[in-house]
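Heads up, the thing below is written out as structure tokens.
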Amino acid sequence: MADLLQELNSQQQAAVAAPAGPVLVLAGPGSGKTRVLTYRIAYLIAALGVPPYQILAVTFTNKAARVMETRVNTLLGGKTDGLWLGTFHAICGRILRREAAHLPIDHNFVIFDADDQITLVKRVIKEMGVNDKDYRPHQVHARISSAKNDLIGPEDYPIENYRDETIAGIYKAYQAYLVGSNALDFDDMLLYTAKLLETNPTVREKYARRFRHILVDEFQDTNKAQYYLLTHLASVHHNIFVVGDEDQSIYRWRGADYQNILRFSSDFDHSQKILLEQNYRSTQTILDTAVAVIDDNKNRTQKHLFTDRGTGERVTVYEAKDDIEEASYVVDTIARQVMLGRAKESDFAIMYRTNAQSRLLEEAFRRANMSYRLIGAQRFYGRREVKDLISFMRLIYNPRDEISLARVINLPPRGIGNVTLEKLQNYARQKGQSSGEVLLSLGGGDARQAADALGRAADRLQSFAEMLTGWRLDLERMSLTELFDQVLRDTEYQAFITDDRDEEQDRWANVLELRQVLLEYEDQGMAQFLEAMALVADQDTLPETLEAPTLLTLHAAKGLEFPQVFIIGLDEQYLPHSRSMDDPEEMEEERRLFYVGITRAENCLYLVRAQRRRSPYGSYETMLPSRFLQPLPDELIQGRISRPIERRSTFDMSVYQWDRQYGSPSQRKRSAPPKAREQRFYPEMHVEHPVYGEGVVRNSRLEYGDETVEVYFEGIGLKALVASLSSLEVLGEE
DNA sequence: GCATCGGATTTTTTT
DNA sequence: AATCCGATGC
């Protein structure tokens with residue numbers, strides 16, 4: 001083991017061999033964070049003789065968990081039996097299944113994924129007679145989710161206005177539905193576990209005593225539920241070792257709070273703090289670029305990132321004329337380097353803010369006859385036929401699952417429409433049962449009462465009820481794939497999906513692929529299979545070995561590294577994203593996201609923008625260069641971007657065209673526009689524009705020597721205007 | 001009960 | 001552009 005410590009620098013050694021007690025490791029990007037975690041585990045086991053089952057290691061993603069597992073196994077030669085290593089959600093699932101006796105659900109609960117959650121919110125909204133225009137299911141769900149992440153149950157939901165009251169009502173009904181379905185959603189997994197540990201001292205002690213050592217990855221991304229969960233688990237031994245970097249906190253929208261890093265030092269007495277500042281990944285130029293960007297954030301502790309990898313190449317900044325050229329620039333640049341033998345396809349990653357941005361890239365790659373691997377978005381598990389069949393499995397495993405039942409009961413169509421389904425649901429509710437339980441008694445044959453009450457509906461339900469009853473028995477005596485095949489046969493599913501004209505091949509192929517996945521769970525059983533389906537992200541399903549460039553969102557890029565990185569879409573509204581313009585905290589998060597992207601690069605970094613893009617709306621829109629490009633010092637970059645004032649192309653074209661046609665005071669006299677030195681416009685100001693009329697300023701900032709004003713015009717929407725070109729008049733302030 | 005059509009509405013990031 | 005929802009007609 002002493003040998004192993006030799007392979008680490010002194011900061012890493014200090015962390016790995018830190019004495020027991022709370023330890024906070026602040027790890028800059030590329031500083032060997034995973035290395036420290038895995039060596040720490042190996043150190044505890046091999047050098048200190050801690051039995052593996054007394055160690056708990058938590059990550060956020062399955063990928064991170066898998067990487068750690070393999071590395072620990074390599075270090076220890078496989079002597080890790082009993083070690084708990086997994087994502088927060090997987091660990092919680094494990095605890096909750098064991099402790100189901102203390103919960104309102106039983107141990108074979110199912111997990112509702114994002115789609116199920118929305119479906120359920122919609123259903124509740126409908127049943128409550130709430131207008132879904134005023135209460136958008138996605139928004140309502142977001143409110144429920146963030147309440148859960150803050151450990152706020154339906155009863156404690158803070159009510160300040162009528163809207164809150166309605167949402168609290170939906171939350172309550174939503175939660176009741178989950179319990180009735182013997183189901184949890186993602187957030188419940190954390191919430192239930194945290195609450196259980198908080199309220200039940202016996203259970204808390206059981207786990208807190210067991211886990212002598214707790215290690216946490218990506219600590220800056222923990223939310224309140226996760227933080228308290230960890231606090232409870234560490235309440236006996238206090239040996240909690242967390243690794244994080246506040247500059248890489250990018251999950252605020254999911255309730256993550258990087259302030260947990262500060263909280264850690266004050267909540268855990270005598271905690272040690274260790275900084276990892278040496279970067280082993282990137283060239284100095286890339287690090288300097290990253291620092292130049294992140295320095296604009298206010299709430300952060302400065303770190304002194306350094307590397308001995310040398311200066312390296314300058315960062316390439318490229319401005320494409322439009323989004324199509326942006327994509328072909330990326331593909332051309334990669335193709336050229338590959339052709340020259342200077343790089344191989346898998347050296348490259350292309351990162352973007354939103355999944356939608358991958359489309360033009362994919363088209364460009366296909367045009368060039370090059371393969372690529374796309375992370376996320378295309379979603380094997382999101383395919384209809386895959387979801388359908390998982391729903392069948394879920395319903396068989398847990399007949400109380402109302403959402404799965406509603407999904408598959410008429411699949412393929414067998415004459416059970418909404419009316420029949422509602423009759424069934426109403427009857428079930430009357431009886432205090434779930435729809436599935438009613439079906440099972442119907443299928444069992446001794447339910448004269450139900451059959452009478454349901455009348456004609458019962459006839460239609462009968463055959464499905466019998467199938468379901470049969471599958472329940474099959475579950476006991478068949479293997480998983482046999483059951484799967486039985487369901488396919490009974491429902492004549494293949495004929496159903498092959499009925500459609502196009503992509504029929506694909507859809508059946510997906511079914512077979514799912515069957516293949518099921519085969520891997522033959523030994524572990526249905527519970528494990530369903531849990532994996534719910535918790536394993538699509539990111540994990542891609543072949544690692546494919547020799548091709550990787551396309552992924554900036555979020556998905558965290559924790560990865562590539563020799564050459566493209567970040568595209570460096571335009572206002574894209575990065576930073578339009579949704580984060582109003583809130584300084586969110587703007588800082590966008591900057592961190594960019595920082596994460598930059599620091600993925602080992603040797604070469606390309607920052608790409610486009611002067612105009614086709615908006616997901618319709619026609620082309622002129623873009624302003626991202627504010628994040630501004631702090632980059634000239635000596636670090638090669639290539640230029642046009643400044644809004646120097647090139648006409650980057651201000652609001654509609655205004656310009658109008659001005660040119662009809663002339664406006666500002667346009668008539670001026671040859672070179674006067675540069676704004678001082679900000680003239682502030683949020684809430686009322687202004688008048690010659691074309692759009694009166695509006696209210698939302699936001700304004702000085703950049704590139706001029707002032708860019710975002711104004712909201714009634715009936716027109718938000719417009720970004722360049723102050724010196726658009727003759728805005730101030731009407732007054734509120 | 002089901003299929004089809006038209007209109008409205010959408011847009012971040014993910015365990 | 002794509003999806004979702006509701007209304008309409010069969």
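Chain letters run A, B, ... following the sequence lines, proteins first and then strands; every chain starts at 1.
Within the nucleic acid shown, A:K558 has no heavy atom closer than 4.0 Å to any nucleic acid atom. Using a 4.0 Å heavy-atom distance criterion, A:D187 is classed as making no nucleic acid contact. At a threshold of 4.0 angstrom between heavy atoms, the contacts of A:F186 include nucleobase atoms, whether or not backbone atoms are also involved.
If you check C:dG6, B:dT14, B:dT15 against the side chain of A:T87, the one that comes closest is B:dT15. Taking the side chain of A:T420 as heavy atoms from C-beta on, and the options B:dG1, B:dT11, C:dC4, the nearest nucleotide is B:dG1. Comparing C:dC4, B:dG1, B:dC2 against the side chain of A:P413 picks out B:dC2 as the nearest. Comparing B:dT14, B:dT11, B:dC2 by their closest approach to the side chain of A:H138 singles out B:dT11. The side chain of A:R254 sits closest to B:dT15 out of B:dG1, B:dT11, B:dT15. Residue A:H89 has its side chain nearest to B:dT15 when only C:dC4, B:dG1, B:dT15 are considered. When the nucleotides B:dT15, B:dT14, B:dG1 are ranked by their closest atom to the side chain of A:T61, B:dT15 comes out on top.
A:L184 has its CG atom 14 Å from the C1' atom of B:dT15, to the nearest Å. Between the C1' atom of B:dT11 and the CZ atom of A:R614 lies a distance of 17 Å, rounded to the nearest Å. The distance between atom CZ of A:R123 and atom C1' of C:dC5, rounded to the nearest whole Å, is 18 Å. Distance, A:N62 CG to B:dT14 P: 14 Å, rounded to whole Å. Computed from coordinates, the A:I409 CD1 to B:dC2 P distance equals 11 Å when rounded to whole Å. One atom, CG of A:D185, and another, P of B:dT15, lie 15 Å apart when rounded to the nearest Å. Look at CG on A:N418: it is 12 Å from C1' on C:dG6, rounded to the nearest Å. When the P atom of C:dG6 is taken as reference, atom NZ of A:K122 falls 10 Å away, rounded to whole Å.
Side-chain N/O atoms of A:T553 include one lying less than 4.0 angstrom from OP1 or OP2 on B:dT14. Residue A:N355 has a polar side-chain atom (N or O) positioned under 4.0 Å from OP1 or OP2 of B:dT14. OP1 or OP2 of B:dT10 lies within a sub-4.0 Å distance of a side-chain N or O belonging to A:R136. The phosphate of B:dT15 (OP1 or OP2) has no side-chain N or O of A:N223 nearer than 4.0 angstrom.
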Self-check item: Audit row: A:F496, A:Y493, ring-ring contact (aromatic ring centres under 6.0 Å, His included) steps and yes/no
Solution: CA-CA 5 Å; A:F496 166 59; A:Y493 196 80; 5.6 Å; yes
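Under the side-chain hydrogen bond (donor to acceptor under 3.5 Å, both in side chains) rule, A:D571 has a single partner from A:Q611, A:R627, A:R609, which is A:R609.
Relative to the ring axis of A:F628, A:R591 does not place its NZ or CZ within 45° and under 6.0 Å from the centre.
B:dT13 has its base stacked against the ring of A:W253, the centroids being under 5.5 angstrom apart at an interplanar angle below 30°.
Rounded to a whole angstrom, the distance from the P atom of B:dT13 to that of C:dC4 is 15 Å.
Across the interface with DNA chain B, nearest-nucleotide mapping of A:T354 and A:G417 shows A:G417 to be the residue nearer the 5′ end.
Residues A:E99 and A:Y207 bring a donor and an acceptor atom of their side chains to less than 3.5 Å of each other. No side-chain N or O of A:Y595 forms a donor-acceptor pair with one of A:Q248 less than 3.5 Å apart.
When the shell of 6.0 Å around OH of A:Y228 is examined, it contains 12 or fewer heavy atoms from other residues, nucleotides or ligands.
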